[in-house]
Protein chains: 2
Amino acid sequence: MIREAGLKLTRPRASILAVLESSQKKHLSAEDVFQVLTQQGQQIGFGTVYRVLTQFESAGIVKRHNFEEGHAVFELHQENHHDHLVCLRCGQVKEFFDEKIENCQDQIAEKMGFAIIDHSHVIYGYCSDPECTEK
Amino acid sequence: MIREAGLKLTRPRASILAVLESSQKKHLSAEDVFQVLTQQGQQIGFGTVYRVLTQFESAGIVKRHNFEEGHAVFELHQENHHDHLVCLRCGQVKEFFDEKIENCQDQIAEKMGFAIIDHSHVIYGYCSDPECTEK
DNA sequence: TCCTAAATGATAATCACTTGCATTTAATTG
DNA sequence: CAATTAAATGCAAGTGATTATCATTTAGGA
């Protein structure tokens with residue numbers, strides 16, 4: 001996968017990809033990735049994590065999101081496009097996809113004379129976990 | 001307006017609000033606001049601009065957006081909810097509102113057991129300006 | 001006008017992220 | 001399989017946006 005992207009297969013790149021693939025949390029920050037690797041006893045530089053994640057993004061291996069301002073999170077690129085619901089209490093992220101919304105978007109862009117390149121659609125709220133139900 | 005929000009009416013607050021009201025660009029960064037005031041010959045601190053904008057946000061006077069990662073922009077709170085289209089070339093921001101999308105969102109949140117608090121829906125692309133048409 | 005809590009300005013600090021550079025390494029070549 | 005070299009890494013310093021600190025100033029009620 002890394003080679004396919006035209007990148008040299010190095011230890012840091014392989015292990016960063018492994019972290020993303022094996023994590024139960026699908027959305028990880030650079031900090032998260034760094035933590036996991038460090039706790040696995042692997043020695044890796046902060047800069048490398050950021051650099052590699054950015055390369056992975058350009059290569060289409062991961063997708064970058066900015067759910068909460070202040071830091072980006074990365075998820076492995078998935079076959080099917082989807083948008084997200086984020087719980088403001090526990091931070092849980094769920095995915096959704098709605099054909100109707102996608103179509104409306106396209107129509108709006110067309111009507112406004114925009115050529116769509118991408119979009120970010122995030123719903124924020126409280127999830128169904130009793131801990132997170134609005135006070 | 002500032003008083004209604006329970007805030008003391010001070011020169012910095014009044015002039016920051018004036019900048020937002022009189023700007024032809026509807027979405028301004030803290031830096032933008034600072035620049036305008038400085039160029040008007042007004043002496044104001046960077047920290048104050050950030051603090052006041054954050055207070056205005058809490059008071060519902062402005063809305064904060066993160067169209068481009070790295071810096072927030074603020075717009076005066078408007079009566080009608082709307083989402084945004086952002087041109088990746090010229091940075092122009094247009095508004096859109098689509099009832100159908102809003103409804104779909106509500107249904108999705110319900111189905112997923114989320115109590116919606118807010119959402120961010122931004123479409124990125126190239127606007128119709130000849131300068132911005134995709135290469 | 002006086003008083004006091006709140007607000008400001010200047011500056012230092014923080015936080016997430018990026019960059020520069022000397023060293024190491026993947027992987028091509030002989 | 002060793003030599004070679006361009007690319008990748010680690011570390012540390014640098015950025016840019018934003019926040020915190022704190023002494024000084026100010027709004028607005030008494």
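Please read all numbers here as calculations on a predicted model, not as lab measurements. Here is the naming used below: chain letters follow the sequence lines, and residue numbers restart at 1 for every chain.
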Trainee: Can you check the B:E69 CD to D:dG16 P distance for me, whole Å?
Mentor: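 Rounded to whole Å, this separation is 15 Å.
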Trainee: What pair of heavy atoms forms the shortest contact from B:T133 to B:S128, and how long is it?
Mentor: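 Of all heavy-atom pairs spanning B:T133 and B:S128, the closest is OG1-O, 4.3 Å.
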Trainee: For A:H81 and A:E102, does a side-chain donor sit closer than 3.5 Å to a side-chain acceptor?
Mentor: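 Present: a donor and an acceptor within the cut-off.
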Trainee: Which one, C:dA7, D:dT19, D:dA7, comes nearest to the side chain of A:K8?
Mentor: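 Of C:dA7, D:dT19, D:dA7, D:dA7 is nearest to the side chain of A:K8.
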Trainee: Scan B:F46 against the nucleic acid and name what it touches under 4.0 Å (heavy atoms): base, sugar-phosphate only, or nothing.
Mentor: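 Answer is base: heavy atoms of B:F46 come under 4.0 Å of a base.
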Trainee: Taking any heavy-atom pair under 4.0 Å as a contact, classify A:Q43: base, sugar-phosphate, or nothing.
Mentor: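 Touches sugar-phosphate only.
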Trainee: Need to verify one output field. Residue with the more 5' nearest nucleotide on DNA chain C, B:G6 or A:L7?
Mentor: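 Checking each residue's closest nucleotide, the 5'-ward one belongs to B:G6.
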Trainee: Just compare D:dG10, D:dT19, C:dC17 and give me whichever is closest to any side-chain atom of B:Y50.
Mentor: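 So the nucleotide nearest the side chain must be D:dT19.
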Trainee: Is there, by distance only and without an angle test, a donor paired with an acceptor across the side chain of A:R51 and the base of D:dG10 below 3.5 Å?
Mentor: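 Pair found.
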Trainee: Tell me which nucleotide among D:dA8, D:dA27, D:dT19 gets nearest to the side chain of A:R13.
Mentor: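 Among the listed nucleotides, the one closest to the side chain of A:R13 is D:dA8.
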Trainee: Specify the separation, in whole Å, of atom CD1 of A:I44 and atom P of C:dT23.
Mentor: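 Distance check: A:I44 CD1 to C:dT23 P gives 21 Å.
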Trainee: Please tell me if B:R11 has a side-chain N or O lying less than 4.0 Å from either OP1 or OP2 of D:dT25.
Mentor: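 Indeed not, no polar side-chain atom of B:R11 lies that close.
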Trainee: Please state how far atom CG in B:L37 lies from atom C1' in C:dT8, giving the value in whole angstrom units.
Mentor: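 In whole Å, C:dT8 C1' lies 14 Å from B:L37 CG.
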Trainee: In whole angstrom, give the distance that lies between atom CG of B:L53 and atom C1' of C:dT8.
Mentor: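 It works out to 15 Å between those atoms.
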Trainee: Whole-Å distance between C:dT18 C1' and A:E57 CD?
Mentor: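 A:E57 atom CD is separated from C:dT18 atom C1' by 15 Å.
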Trainee: Rounded to whole angstrom units, what separation is found between the CD atom of A:Q55 and the C1' atom of C:dT19?
Mentor: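 It is 14 Å, rounded to the nearest whole Å.
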Trainee: Of the nucleotides D:dC11, C:dA16, D:dT18, which one has an atom closest to the side chain of A:H71?
Mentor: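 Of the candidates, C:dA16 comes closest.
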Trainee: Do A:R89's NZ or CZ and the ring of A:Y126 fall within the cation-pi criteria of under 6.0 Å and 45°?
Mentor: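 Cation-pi check for A:R89 and A:Y126: passes.
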Trainee: Between B:A72 and B:T10, who's closer to the 5' end of DNA chain D by nearest nucleotide?
Mentor: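 Upstream on the strand: B:A72.
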Trainee: Just call it for B:T48: base, sugar-phosphate, or nothing, with non-hydrogen atoms closer than 4.0 Å on any strand.
Mentor: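 Contact class for B:T48: base.
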Trainee: Hey, could you give me the NE2/CD distance between B:H121 and A:Q105, rounded to the nearest 0.5 Å?
Mentor: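 It is 3.5 Å, given to the nearest 0.5 Å.
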Trainee: Separation of A:E31 atom CD from C:dT14 atom P, in whole Å?
Mentor: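 The answer, rounded to whole Å, is 16 Å.
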Trainee: Give the cluster check for A:L9 versus A:L7: same hydrophobic cluster or not, with ILVMFWY residues linked at side-chain heavy-atom distances below 4.5 Å.
Mentor: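 Looking at the clustering, A:L7 is in the same group as A:L9.
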Trainee: For B:F34 and D:dT19, what is the distance between atoms CZ and P respectively, to the nearest whole Å?
Mentor: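 In whole Å, D:dT19 P and B:F34 CZ are 16 Å from each other.
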